[in-house]
Amino acid sequence: GGTDEAKRRAGERAARAVEDGTVVGLGTGSTTACAIDALGRAVADGLEIRAVPTSFQSRRLALEADIPVTELDAVDRIDLAIDGADQVVDQPAASAHGALIKGGGAAHTREKLIDATAERFVVVVDPSKLTDELDRSVPLEVLPDAHSVVGDRVRELSGEPTLRDATGKDGPVVTDNGNLVLDCAFGAISEPGDLASRLSRIPGVVEHGLFVGLADATYVGTDDGLEVREY
Ligand code: DER
């Protein structure tokens with residue numbers, strides 16, 4: 001969903017905040033890819049930054065853009081993380097402010113590590129990601145041989161788990177970390193924080209795609225402008 005122009009505006013707005021000396025966490029997905037393109041152009045014009053990627057794909061895009069790539073244990077901080085989302089709650093109720101669903105790209109484990117570590121975490125989206133209440137499936141990265149038992153636990157929480165199948169490969173999607181992904185449908189999620197803590201406690205779950213209270217701002221690109229939400 002969302003037009004390329006909207007994604008481009010959101011990505012470029014996030015990239016504009018990056019100054020010399022910044023260590024930037026690079027998220028995964030097509031909207032963050034616009035930010036990476038913009039950062040590549042700024043680096044070509046002399047901007048000096050280091051990037052910590054969140055996936056094989058974001059590292060690949062950074063290298064192709066000649067952005068200096070480093071890694072988490074080689075830096076003493078991440079100043080700014082720029083990342084996309086599959087859904088963003090867009091209403092000022094305190095309980096859900098800045099609540100996201102991520103994981104559409106099966107990269108949410110490393111994304112959450114980098115996004116949560118960063119001093120400032122900015123989400124870049126097009127309008128199709130905005131919602132009053134989270135209701136998309138929540139991706140879970142699970143240890144491969146745990147996917148059945150985790151599925152049982154998800155059902156106990158009234159969720160419906162689906163093992164994410166790959167395209168271009170027989171069998172399920174395998175993450176950069178060698179794990180599988182269960183997409184878990186819970187319907188409308190009225191208390192994302194509560195569900196997040198229940199999912200975190202399931203043995204075999206490596207990471208879930210509920211990002212609650214982590215984002216500092218969301219940049220919403222539109223076809224003719226940009227809206228900013230600061231949390
Ligand atoms: O996997 C993720 O969480 C990504 O941020 C992703 O789902 C958003 O991707 P998009 O910017 O291509 O919609």
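Just so you know, ligand 1 is whichever comes first in the structure, and atom 1 is the first atom listed for that ligand. Below, all heavy atoms of this structure are taken into account, side chains as well, without hydrogens, waters or symmetry copies.
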Check: Under 3.5 Å between some N or O of ligand 1 and some N or O of Lys102?
Finding: yes
Check: Just wondering, more than 12 heavy atoms not from Glu5 lying within 6.0 Å of its CD?
Finding: yes
Check: Which atoms of ligand 1 sit under 4.0 Å from any heavy atom of Asp83?
Finding: 5 (O)
Notebook entry, point to check: About how many Å separate NE2 of His208 and CG of Leu140, when rounded to the nearest 0.5 Å?
Noted result: 8.0 Å
Check: At a 4.0 Å threshold, what atoms of ligand 1 neighbour a non-hydrogen atom of Ser30?
Finding: 10 (P), 11 (O), 12 (O)
Checklist line | Numbered atoms and elements of ligand 1 in range of Gly105, under 4.0 angstrom, heavy atoms | finding: 1 (O), 2 (C), 7 (O)
Note to self: Does only the side chain of Val124 get under 4.0 Å from ligand 1, or the backbone, or both, or neither? Count heavy atoms.
What the structure shows: neither
Next item on the list: Please could you name the atoms of ligand 1 that Gly29 approaches to less than 4.0 Å, counting only its heavy atoms?
Entry: 9 (O), 12 (O)
Margin query: Using only atom types and a distance under 3.5 Å, with no angle test, would you say the side chain of Gln87 pairs donor to acceptor with the backbone of Arg136?
Written below: yes
Check: Quick one: does ligand 1 sit under 4.0 Å from the side chain of Ala33, the backbone, both or neither, non-hydrogen atoms only?
Finding: neither
Notebook entry, point to check: Does even one non-hydrogen atom of Glu111 get within less than 4.0 Å of ligand 1?
Noted result: yes
Margin query: Does either side chain, that of Asp223 or that of Thr3, offer a donor lying less than 3.5 Å from an acceptor on the other one?
Written below: yes
Notebook entry, point to check: Near Thr28, which atoms of ligand 1 are under 4.0 Å from a heavy atom of that residue?
Noted result: 4 (C), 5 (O), 6 (C)
Item checked: Atom indices of ligand 1, in the order listed, that fall short of 4.0 Å to a heavy atom of Asp86 -> 3 (O), 6 (C), 7 (O), 8 (C)
Check: Which ILVMFWY residues can you reach from Tyr219 by hopping between side chains whose heavy atoms are under 4.5 Å apart?
Finding: Val18, Val24, Leu26, Ile36, Leu39, Val43, Leu47, Ile49, Leu61, Ile67, Leu80, Ile82, Val122, Val124, Leu226, Val228
Check: Any salt bridge between Asp4 and Lys7, counting N to O under 4.0 Å?
Finding: no
Check: How close does the nearest protein non-hydrogen atom get to atom 11 (O) of ligand 1, and which residue and atom is it?
Finding: Thr31 OG1, 2.7 Å
Check: Under the criterion side chain to side chain contact (heavy atoms under 4.5 Å, CB included), which of Asp86, Val154, Leu199 is the partner of Val138?
Finding: Leu199
Checklist line | Ligand-side contact atoms (ligand 1) for residue partner Gly103, heavy atom cut-off under 4.0 Å | finding: 1 (O), 2 (C), 3 (O)
Checklist line | Numbered atoms of ligand 1 (with element) below 4.0 Å of Gly84, judged on heavy atoms | finding: 5 (O)
Item checked: Linked hydrophobic residues, Val206 as query - side chain contacts closer than 4.5 Å -> Leu143
Margin query: At under 4.0 Å between heavy atoms, is it the side chain or the backbone of Lys129 that contacts ligand 1, or both, or neither?
Written below: side chain
Item checked: Glu227 and Arg9 ion-paired at < 4.0 Å -> no
